[in-house]
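Below, chains carry the letters A, B, ... as their sequence lines are ordered, and counting in each starts from 1. Heavy-atom basis, side chains included; hydrogens, waters and symmetry copies ignored.
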Number of protein chains: 2
Amino acid sequence: MSNVTIKDVALLAEVSVGTVSRYINGYQLKAGNRKKIEKAIEELDFKINPLARGLRSSKTFTIGVLIPRISDVFCTQVIEGIEEAMASLNYSILICSSNDSVQQQTDKMNGLMDKCVDGIIVMPVSSNEWSWRGSSDNRIPIVLIDRLVRECEWDAVVSDNVNGAYSAVEMLINHGHRKIGIIAGPQNISTAQERLTGYMRALNDYNIVVNDDYIVYAPYTKNGGIEAVNRLVGLTDPPTAIFSTNHPTTVNSLKVLMEKELVIGNQISLCGYDQTELFQMFTPPISVVVQPARDMGISAATTLMKRINGDYEGFPLIKRLKTQLIATSSVKKI
Amino acid sequence: MSNVTIKDVALLAEVSVGTVSRYINGYQLKAGNRKKIEKAIEELDFKINPLARGLRSSKTFTIGVLIPRISDVFCTQVIEGIEEAMASLNYSILICSSNDSVQQQTDKMNGLMDKCVDGIIVMPVSSNEWSWRGSSDNRIPIVLIDRLVRECEWDAVVSDNVNGAYSAVEMLINHGHRKIGIIAGPQNISTAQERLTGYMRALNDYNIVVNDDYIVYAPYTKNGGIEAVNRLVGLTDPPTAIFSTNHPTTVNSLKVLMEKELVIGNQISLCGYDQTELFQMFTPPISVVVQPARDMGISAATTLMKRINGDYEGFPLIKRLKTQLIATSSVKKI
DNA sequence: TTGTAGGCGTTATCAG
DNA sequence: CTGATAACGCCTACAA
């Protein structure tokens with residue numbers, strides 16, 4: 001064990017522990033003493049003990065990150081952004097997966113609090129009100145990412161889902177499509193709601209009557225995508241284009257359409273959500289709305305740090321990052 | 001702040017703090033006292049303070065996980081396995097990315113040690129000897145995953161790369177291929193070495209002369225894949241089949257071959273590494289060697305826990321998990 | 001600007 | 001089996 005303490009440093013530097021502590025915490029001190037302390041620290045290879053420090057100051061220089069699923073590409077990119085931003089500030093990140101379960105979300109959230117993290121970034125499983133005991137006592141900053149939660153006054157970083165979806169649907173319309181199906185996702189998730197709003201708004205702006213049969217509320221999972229597409233193409237008057245509003249459903253829409261040997265960009269048009277290298281390698285490549293996942297992570301980390309440092313300016317702050325539309329020949333001009 | 005301490009519990013339960021502490025740590029005590037303490041804990045909503053506990057016992061119930069890149073699909077699945085295994089034991093995981101840099105790997109490793117984690121799982125950037133000061137003093141258990149490191153006596157969990165590659169090449173041979181190119185990866189990574197060994201061994205077993213032109217040592221990155229494929233198909237006597245030995249290079253091999261409009265499974269055969277749903281959706285689907293990433297994570301976590309709990313049986317233990325070959329029509333019968 | 005000493009919440013060592 | 005008490009390493013009044 002590297003059991004060097006400030007006491008050892010103090011001894012070697014011939015000052016008191018108080019002075020060493022002050023040095024560590026960046027207080028002013030006599031140049032001579034500073035030198036001696038630096039030398040001693042170097043010589044002894046002193047490392048501050050975060051446990052002892054945390055015990056006194058209740059700061060751990062650690063944040064918690066809670067996401068629905070670690071193996072999800074989108075989540076992964078978000079985390080990468082968070083890690084990048086936090087590492088440069090010497091903060092560590094404790095990662096938890098709620099496995100798409102509200103129960104686990106609550107449990108892991110409590111677990112994170114119990115670990116005395118300085119703040120939490122959470123991508124909620126659902127956007128329903130979130131009764132959570134922790135919110136009342138222990139007051140550490142929390143930043144939502146990707147999804148908002150009803151009735152929760154927390155900072156949040158999301159992408160502009162309404163306009164992201166709008167741009168996709170508008171593109172479909174501009175390509176001549178009038179019968180546009182949407183895999184709308186569960187409406188207890190804010191992103192799904194907002195994307196549906198974008199869809200509605202685009203249809204509205206272009207005077208297209210909404211056909212309820214074209215709106216399928218599917219869970220944001222593999223099976224959700226599969227069933228939704230089956231439903232849509234099985235209609236007596238099926239849509240000519242499908243807009244799938246998240247990544248897993250897009251993957252599986254694609255899968256089903258290919259299995260049915262419907263030629264994409266010809267017999268059926270498809271626009272999806274979230275970027276994957278591989279989407280662009282199909283023939284034709286798949287049109288998608290791309291979210292700035294990494295930047296969302298960085299932004300959430302930055303906001304959280306502001307709060308941790310006591311700056312509560314503009315609380316609660318909701319940051320909306322713009323999406324980008326990749327339009328390809330997976331959408332036919334008709 | 002949930003500032004309830006064992007002192008408060010002791011007061012309410014009318015016992016001493018020592019007794020409460022013993023209760024927490026599962027020692028035997030008089031049934032009456034146990035009851036009273038349980039009631040007090042419940043009533044006060046007492047939570048143990050991990051900082052204070054850690055300060056005394058130098059156990060944090062936290063492990064570090066250090067990987068080359070968070071957004072890599074393989075890494076992600078590994079982490080998911082680790083998280084699953086650790087969460088059930090009430091351990092937290094601190095995650096760091098070395099961003100494929102040896103320097104960062106050392107830095108983050110030290111950072112983890114400084115955070116007093118109880119153990120570390122690391123997927124090393126390279127397999128070269130790893131001079132690392134931490135290994136001498138602070139003796140916490142470390143488990144390597146996916147890649148071995150030369151001269152390091154550490155436990156490790158890897159996949160059976162030699163036989164994984166062997167099975168792929170053997171399949172190619174059985175399909176009639178004799179001119180088999182390999183994108184072999186940098187030889188300072190054990191997985192790359194071993195997969196090349198599998199390739200060699202298969203050729204040898206089937207009496208096929210090794211053609212050095214068919215072996216391309218490319219970095220395990222996008223560009224590595226691109227350049228390697230270009231080299232192979234540009235040969236005057238190009239291979240009829242290509243074996244790409246990791247995921248990013250496989251993705252990009254695929255990309256280049258498609259751009260060149262070489263029909264896979266016909267003009268050129270391809271076998272890759274690591275599973276992605278999307279690989280199976282191309283026409284034809286892509287043959288791949290699949291590693292049990294999630295299980296590797298679970299296994300590494302289990303091994304680490306054994307060591308943390310003081311069980312050093314069989315140290316250093318190298319566990320090799322079997323791979324699975326998915327053979328598709330991306331490989332032509334000739 | 002510096003030294004001293006008390007305390008953060010636990011655990012561990014003693015006696016009892 | 002239990003109670004009292006001294007650590008664990010650091011921070012922060014307070015006094016000098």
Side-chain angles (χ1 to χ4, degrees), chain A residues 1-38 40-41 44-62 90 113-118 137-138 140 310, chain B residues 1-38 40-41 44-62 90 113-118 137-138 140 310:
Chain A
M1 282 293 247
S2 177
N3 261 337
V4 183
T5 74
I6 55 170
K7 212 164 159 184
D8 302 314
V9 175
L11 227 60
L12 184 59
E14 297 174 301
V15 295
S16 75
V17 291
T19 308
V20 177
S21 175
R22 279 177 217 112
Y23 167 79
I24 291 172
N25 292 285
Y27 287 81
Q28 205 75 49
L29 42 88
K30 219 161 61 184
N33 284 338
R34 140 169 282 101
K35 272 264 170 54
K36 285 197 289 184
I37 291 173
E38 275 164 355
I41 286 180
L44 298 171
D45 189 30
F46 164 78
K47 305 280 164 151
I48 203 163
N49 181 324
L51 266 35
R53 169 180 260 196
L55 182 56
R56 278 292 322 208
S57 57
S58 33
K59 281 213 49 172
T60 54
F61 294 91
T62 301
N90 247 305
M113 306 282 322
D114 294 346
K115 281 275 180 170
C116 304
V117 294
D118 295 342
D137 22 311
N138 217 328
I140 66 164
Chain B
M1 282 294 247
S2 178
N3 262 335
V4 182
T5 75
I6 54 170
K7 215 165 158 184
D8 303 312
V9 175
L11 226 60
L12 184 60
E14 298 173 300
V15 295
S16 75
V17 291
T19 307
V20 178
S21 176
R22 278 178 219 114
Y23 167 78
I24 291 172
N25 293 285
Y27 288 80
Q28 204 77 49
L29 40 88
K30 219 161 60 185
N33 285 337
R34 143 169 278 103
K35 272 262 169 57
K36 286 197 288 184
I37 291 175
E38 274 165 356
I41 286 181
L44 299 170
D45 189 31
F46 163 78
K47 305 281 164 151
I48 202 161
N49 182 322
L51 267 37
R53 170 179 260 194
L55 180 56
R56 275 296 321 208
S57 57
S58 34
K59 281 214 45 170
T60 54
F61 294 91
T62 301
N90 248 305
M113 306 281 325
D114 294 346
K115 282 274 180 170
C116 304
V117 294
D118 296 341
D137 24 312
N138 217 328
I140 65 166

Margin query: Please tell me if B/Ser57 has a side-chain N or O lying less than 4.0 Å from either OP1 or OP2 of C/dT11.
Written below: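 Result: no.
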
Next item on the list: State whether B/Arg53 places a side-chain N or O below 4.0 Å from either non-bridging phosphate oxygen (OP1 or OP2) of C/dT11.
Entry: yes

May I have the distance from [X] (atom [atom1]) to [N] (atom [atom2]), rounded to whole angstrom?
X: B/Leu44; N: C/dG9; atom1: CG; atom2: P; result: 14 Å
X: A/Lys115; N: C/dG9; atom1: NZ; atom2: P; result: 18 Å
X: A/Lys36; N: C/dT2; atom1: NZ; atom2: C1'; result: 12 Å
X: B/Ile6; N: C/dG9; atom1: CD1; atom2: C1'; result: 6 Å

Check: Out of C/dA5, C/dT11, C/dC8, which nucleotide sits closest to the side chain of B/Ile48?
Finding: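 Side chain of B/Ile48 sits closest to C/dT11.
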
Check: Which nucleotide of DNA chain D is the first, and which the last, in the 5' to 3' direction, to come under 4.0 Å of a heavy atom belonging to chain B?
Finding: D/dC1 to D/dG9

Is there a side-chain contact between [X] and [Y] in this structure, where contact means two heavy atoms from C-beta onward sitting under 4.5 Å apart?
X: B/Tyr23; Y: B/Ile41; answer: yes
X: A/Phe61; Y: A/Asn90; answer: no
X: A/Asp45; Y: A/Val4; answer: no
X: B/Leu51; Y: A/Thr60; answer: yes
X: B/Thr19; Y: B/Ile37; answer: yes

Notebook entry, point to check: Can you find an N or O donor on one side and an acceptor on the other, under 3.5 Å apart, linking the side chain of A/Arg22 with the base of C/dG3?
Noted result: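 Counting by modelled atom types and ignoring angles, a donor-acceptor contact under 3.5 Å is found here.
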
Note to self: Quick check: any donor-acceptor pair below 3.5 Å linking the side-chain of B/Arg56 to the base of C/dT11?
What the structure shows: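 Donor-acceptor pair under 3.5 Å: yes.
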
Notebook entry, point to check: Which sits closer to the 5' end of DNA chain D, B/Leu29 or A/Lys7, going by the nucleotide each is nearest to?
Noted result: B/Leu29

Note to self: Both B/Ala52 and A/Tyr27 contact DNA chain D. Taking the nearest nucleotide for each, which residue is further toward the 5' end?
What the structure shows: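 Between the two, 5'-proximity favours B/Ala52.
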
Next item on the list: Check whether any side-chain N or O of A/Lys59 sits under 3.5 Å from a backbone N or O of A/Arg53 as a donor-acceptor pair, and report yes or no.
Entry: no

Next item on the list: On DNA chain C, check which nucleotide each of B/Asn25 and A/Arg34 is closest to and give me the residue with the more 5' one.
Entry: A/Arg34

Next item on the list: Check the pair A/Leu12 / A/Phe46 against side-chain contact (heavy atoms from CB on, under 4.5 Å), numbers first and verdict last.
Entry: CA-CA 12 Å; A/Leu12 184 59; A/Phe46 164 78; over 6 Å; no

Note to self: Please classify the nucleic acid contact of B/Val15 as base, sugar-phosphate, or nothing, using heavy-atom distances under 4.0 Å.
What the structure shows: sugar-phosphate

